[in-house]
2 protein chains.
Amino acid sequence: MQEKLREHIEKIISLTDEEFSFIRAHFTIKNSKKREFLIRKGESVKHCYFVVSGLLKLVYDDESGSQHIVSFAMEDWWETDFLAFHTQTKATMSLQCLEDTDVFCLSLENYQKLCAGLPKMEHFFLKKSNSGHIGSQQRILSFLTSNAKERYDQLLKRYPSLFQRVSKTLLASYLGVSRETLSRLSS
Amino acid sequence: MQEKLREHIEKIISLTDEEFSFIRAHFTIKNSKKREFLIRKGESVKHCYFVVSGLLKLVYDDESGSQHIVSFAMEDWWETDFLAFHTQTKATMSLQCLEDTDVFCLSLENYQKLCAGLPKMEHFFLKKSNSGHIGSQQRILSFLTSNAKERYDQLLKRYPSLFQRVSKTLLASYLGVSRETLSRLSS
DNA sequence: TTTTTTGTGTGATAAATATCACAAGTACAA
DNA sequence: TTGTACTTGTGATATTTATCACACAAAAAA
């Protein structure tokens with residue numbers, strides 16, 4: 001499990017064994033079962049998570065009770081309610097396991113210590129944050145330029161594995177269409 | 001004009017005069033007229049821009065010829081085609097002045113030198129990138145949870161000044177609705 | 001100034017999508 | 001095993017939004 005984290009980081013920066021030990025010491029491990037919550041709306045957000053295996057959904061529940069999926073977090077993803085985590089405010093979203101999931105947990109304090117103690121890691125997180133930002137911008141663009149059918153096809157092309165792992169209902173709520181419309185599109 | 005940049009950076013990290021001189025040396029200044037392009041689709045993206053005054057639009061032109069506004073860049077914003085800038089690929093979007101605009105320009109090379117020479121700045125850019133990511137996620141959320149009217153009201157509330165500065169047609173293309181629909185919403 | 005482009009509102013209509021309702025299939029727990 | 005909850009497809013209908021067309025106003029260019 002440690003190796004997964006190390007390999008992931010070493011895609012961007014190279015590390016000595018000592019550096020990795022230093023990094024490793026800032027994380028804890030958590031093994032969660034399907035349906036378990038890592039973050040609950042309204043509670044404080046203790047950690048940023050690195051997904052080693054499994055699958056989670058980051059969801060926003062609106063006033064009328066419907067769910068909106070901001071993001072699916074799969075292997076090799078960093079996920080949390082970033083706003084709440086960085087500003088130390090209460091979560092506005094929830095992070096819940098869709099499968100049994102193993103994660104590394106990084107507290108804000110350890111995140112800051114890690115960046116301060118090893119500037120390379122600040123560089124690493126900057127790269128990650130940039131990719132995240134670019135990814136979100138692409139998703140915005142897909143809302144601006146594409147209808148439901150096109151967004152569905154783009155998702156299918158980009159993350160084909162998702163279609164085996166999550167229900168159509170969840171895909172619909174990620175794409176921003178009703179499950180009935182999605183059902184009619186895919187047939 | 002320099003002071004604007006310094007004040008902006010000092011909102012996040014504090015600087016000595018020498019540090020600021022070091023930073024300043026990595027930027028060039030550009031004054032552009034309304035309608036001028038800082039980035040053109042298809043060309044290479046030389047800089048990341050910090051907007052001192054004025055207003056720009058970051059637009060994506062689709063195959064059918066319609067424009068989609070990914071972002072408005074106002075005073076104190078950092079803007080570029082981030083994907084093209086960071087990966088040194090051709091621009092897929094254009095950045096064009098909606099008003100006469102003054103910017104500081106930072107090349108990728110200088111961006112890297114700046115981060116390497118002054119780790120504080122890597123920290124600064126990480127904070128900026130995180131806010132950008134969070135902002136994009138909020139925008140995604142508005143597409144997921146809100147209809148055109150609600151998105152319009154949210155934008156009006158968040159950036160009231162935009163409504164004096166840009167045409168309804170451009171607002172429509174930022175919100176992802178046709179100008180006719182927007183016109184009917186706002187009356 | 002005159003001309004041309006750009007912006008805006010609004011009607012009529014078409015297309016996309018949501019909502020409600022129901023039936024049947026599948027997974028999972030008691 | 002039975003039952004309960006979750007999932008999926010599909011019909012009927014309502015709502016939202018896009019598209020096309022036009023008139024006119026405002027702004028920029030000649």
Side-chain angles (χ1 to χ4, degrees), chain A residues 32-37 54-57 59 61-69 72 94 96-100 140 142-156 162-187, chain B residues 32-37 54-57 59-69 72 94 96-101 140 142-156 162-187:
Chain A
S32 309
K33 287 280 169 196
K34 185 171 175 174
R35 265 175 277 275
E36 208 173 298
F37 284 86
L55 182 64
L56 305 114
K57 61 176 179 183
V59 291
D61 300 281
D62 69 19
E63 323 72 45
S64 69
S66 37
Q67 283 211 139
H68 306 276
I69 298 197
F72 292 109
S94 304
Q96 188 181 15
C97 300
L98 296 175
E99 302 173 356
D100 293 356
I140 289 169
S142 83
F143 279 110
L144 290 176
T145 63
S146 312
N147 61 24
K149 170 65 171 160
E150 291 163 338
R151 293 203 301 279
Y152 175 84
D153 291 338
Q154 288 161 17
L155 184 64
L156 184 58
L162 264 187
F163 290 70
Q164 273 80 58
R165 298 171 76 179
V166 315
S167 71
K168 307 264 174 140
T169 307
L170 289 178
L171 287 180
S173 116
Y174 175 88
L175 289 169
V177 288
S178 68
R179 58 159 209 89
E180 294 94 334
T181 296
L182 182 68
S183 166
R184 285 182 256 259
L185 290 179
S186 43
S187 56
Chain B
S32 309
K33 288 281 170 195
K34 186 170 174 174
R35 264 176 277 276
E36 209 173 298
F37 284 86
L55 182 65
L56 305 113
K57 62 175 179 183
V59 290
Y60 177 82
D61 299 282
D62 69 19
E63 323 73 44
S64 69
S66 37
Q67 283 211 138
H68 305 277
I69 297 198
F72 291 109
S94 304
Q96 186 181 17
C97 300
L98 296 174
E99 303 173 356
D100 293 357
T101 298
I140 289 170
S142 83
F143 279 110
L144 290 176
T145 63
S146 311
N147 61 23
K149 170 66 171 160
E150 292 163 338
R151 294 204 302 280
Y152 176 83
D153 291 338
Q154 288 160 18
L155 184 65
L156 184 57
L162 265 187
F163 290 71
Q164 273 81 58
R165 297 171 78 178
V166 315
S167 71
K168 307 264 173 140
T169 307
L170 289 178
L171 287 180
S173 116
Y174 176 88
L175 290 169
V177 287
S178 68
R179 58 161 207 86
E180 294 94 332
T181 296
L182 183 67
S183 166
R184 286 183 254 259
L185 289 178
S186 42
S187 55

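In the text below, chain A, chain B and the rest are named by the order of the sequence lines, each starting its count at 1. As the structure is a computational prediction, the values presented were derived from the model and not from experiment. Computed over heavy atoms, backbone and side chain alike; hydrogens, waters and symmetry mates excluded.
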J.: V59(A) and Q96(A): side chain to side chain contact (heavy atoms under 4.5 Å, CB included), yes or no, with the steps?
T.: CA-CA 8 Å; V59(A) 291; Q96(A) 188 181 15; 5.5 Å; no

J.: Measure CZ/F143(A) against C1'/dA18(D) and give the value in whole Å, please.
T.: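 Nearest whole value for this atom pair: 18 Å.
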
J.: For the pair made of CG in L98(B) and C1' in dA27(D), what is the distance, rounded to whole Å?
T.: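 Roughly 15 Å, once rounded to whole Å.
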
J.: Can you tell me the distance, in whole Å, between the NZ atom of K34(A) and the C1' atom of dC6(D)?
T.: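 Going from NZ in K34(A) over to C1' in dC6(D) covers 10 Å.
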
J.: Could you tell me the separation between the NZ atom of K168(B) and the C1' atom of dA26(D), rounded to a whole number of Å?
T.: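 Rounding to the nearest Å, NZ of K168(B) and C1' of dA26(D) are 14 Å apart.
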
J.: Nearest-Å distance, CD (Q96(B)) to P (dT6(C))?
T.: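 One finds 11 Å between P of dT6(C) and CD of Q96(B), rounded.
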
J.: Please give, in whole Å, the distance from dA18(D) P to H68(B) NE2?
T.: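 So the two atoms are 11 Å apart, to the nearest Å.
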
J.: For the CD1 atom of I69(B) and the CG atom of L170(B), what is their distance to the nearest 0.5 Å?
T.: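 One gets 4.5 Å once the value is rounded to the nearest 0.5 Å.
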
J.: Please report the distance, rounded to the nearest Å, between CG in L171(B) and C1' in dT8(C).
T.: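 Going from L171(B) (CG) to dT8(C) (C1'), I get 13 Å.
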
J.: Would you mind building the protein contact string for nucleotides 14-24 of chain C? One character per nucleotide, 5' to 3', B for base within reach (heavy atoms under 4.0 Å), S for sugar-phosphate only, - for untouched.
T.: ---SBBBB---

J.: Rounded to the nearest angstrom, tell me the gap between atom CG in D62(B) and atom P in dA18(D).
T.: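 That distance rounds to 14 Å.
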
J.: Could you measure the distance from the OG1 atom of T145(B) to the CZ atom of R151(B)? Nearest 0.5 Å is fine.
T.: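 Interatomic distance, T145(B) OG1 to R151(B) CZ, rounded to 0.5 Å: 9.0 Å.
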
J.: State which residue, out of D100(B), L55(B), L98(B), fulfils the side chain to side chain contact (heavy atoms under 4.5 Å, CB included) condition with K34(B).
T.: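 Single pass found, and it is D100(B).
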
J.: Would V166(A) and F72(A) count as a side chain to side chain contact (heavy atoms under 4.5 Å, CB included) here? Give the steps.
T.: CA-CA 10 Å; V166(A) 315; F72(A) 292 109; 4.2 Å; yes

J.: For the residue pair F163(A) and Y152(A), categorise the inter-ring angle as parallel (less than 30°), tilted (30 to 60°) or perpendicular (more than 60°).
T.: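 Taking Y152(A) first and then F163(A), their aromatic rings stand perpendicular (interplane angle over 60°).
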
J.: Would you indicate, yes or no, if dC6(D) has its OP1 or OP2 atom less than 4.0 angstrom from a side-chain nitrogen or oxygen of T169(A)?
T.: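 No, outside the criterion.
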
